Amino acid sequence: MPETRVRVLFDEETIAKRCEELAAEIVAAAPKDLLVVAVLKGSFMFAADLIRALHRVGLQPQVEFMHLSSYRAATVSSGQVTILRDVESAIEGRDVLLIDDILESGRTLVFAKDLLAARGARRVLSTVLLEKPGKRAVHIDADFVGFRCPDMFVVGYGMDIAHSYRQLPFVGVIDTASSAPDLFEPK
Ligand code: IMP
Ligand code: MG
C-alpha cells in the first residue's frame with residue numbers, strides 16, 4: 001500500500017474541549033429520562049467521549065446504539081438509509097439524544113429522528129460532531145453541533161474511508177496532491 005498521510009483538521013485537544021462545551025449545552029436543555037442513541041459506526045468515538053462528558057455535568061443517560069447505513073464503500077451517499085441494527089430500549093415518553101458523526105445531506109438524521117419520534121419519544125434532540133454546510137438534501141438542523149467542517153471527505157475519530165482510519169484520535173483529511181493547504185477554511 002502506498003504511504004498516505006492524513007492532515008489534521010481538528011486535533012485531540014480541540015475535540016476534547018468541544019465535547020465538554022457540548023455537554024454543558026446539552027445539560028442546559030434539561031433532558032428528562034435521557035436515552036442517548038449513538039448512530040454507528042462513525043459516531044462511536046465521539047459518543048464515548050461525549051457520554052463521559054455528560055456524566056461530568058451530572059447527567060445519568062442510558063446508552064443505546066443504532067447502526068444505520070447510507071454509505072457503501074464509496075464517498076458518495078447512496079441516498080437511502082437502512083437499519084442494520086435497531087435500538088432495544090422502549091422509547092415512549094423519553095427524551096432521546098441522537099449522536100452522529102457528520103451531518104451532510106441530512107438523510108441519516110431525519111430518518112433516525114422520524115423513527116424515534118414515531119415510537120413516541122417525548123423529545124428527540126440531536127448532536128453531531130461535524131456539520132458540512134450547504135450540503136443538505138433534506139431540511140434538518142442538529143440541536144448541538146461540534147464544528148463546521150469544510151466540504152471535504154474527512155476521516156478519523158471514528159470516521160472512515162472504506163473501513164480505514166477510524167482509529168485516528170483526531171479528524172483529518174487524506175493528503176493528496178490535489179488538496180493544497182489553502183483549500184482549508186480556518187476553524
Ligand atoms: P447524510 O445522511 O448525508 O447526512 O450523511 C451522514 C453520514 O455520512 C455520516 O453519518 C457519515 O457516516 C457519512 N459521511 C458523510 N460525510 C463524510 C465524510 O466526510 N467522511 C466520513 N463519513 C462521512
Ligand atoms: Mg454515519
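Please read all numbers here as calculations on a predicted model, not as lab measurements. The first residue of the sequence shown is numbered 1, and numbering continues consecutively from there. Both counts, for ligands and for their atoms, begin at 1 and track the order of listing.
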**Item:** Residue S105 vicinity, atoms of ligand 1 by number, heavy atom under 4.0 Å
**Value:** 1 (P), 2 (O), 3 (O), 4 (O)

**Asked** Heavy-atom contacts under 4.0 Å between D101 and ligand 1: side chain, backbone, both, or neither?
**Response** side chain

**Asked** Salt-bridged, D33 to R94, with N to O below 4.0 Å?
**Response** yes

**Asked** Between K17 and E13, is the closest basic N to carboxylate O distance under 4.0 Å?
**Response** no

**Item:** Those atoms of ligand 1 less than 4.0 Å from some heavy atom in M152
**Value:** 19 (O)

**Prompt:** Distance only, no hydrogens: is a donor on one side chain within 3.5 Å (strictly under) of an acceptor on the other, for D101 and Y157?
**Reply:** no

**Prompt:** Is there at least one pair of N or O atoms, one from L109 and one from ligand 1, spaced under 3.5 Å apart?
**Reply:** no

**Flag if over 12 foreign heavy atoms under 6.0 Å of NE2, H55** = no

**Request:** State the atoms of ligand 1, each with its element, that fall below the 4.0 Å cut-off from a heavy-atom position in D160.
**Result:** 21 (C)

**Item:** Atoms in ligand 1 flagged as close to D100, the criterion being non-hydrogen separation under 4.0 Å
**Value:** 10 (O)

**Message:** Quick check on side chain to side chain contact (heavy atoms under 4.5 Å, CB included): which of V39, L98, L68, V81 does L109 satisfy it with?
**Reply:** L98

**Message:** Less than 4.0 angstrom from a charged side-chain N to a carboxylate O is my criterion; do E20 and R52 meet it?
**Reply:** no

**Request:** Output yes when the distance from some N or O of ligand 1 to some N or O of M159 is under 3.5 Å, and no in every other case.
**Result:** no

**Message:** Below a 4.0 angstrom heavy-atom separation, can you tell me which part of K132, side chain or backbone, both or neither, approaches ligand 1?
**Reply:** side chain

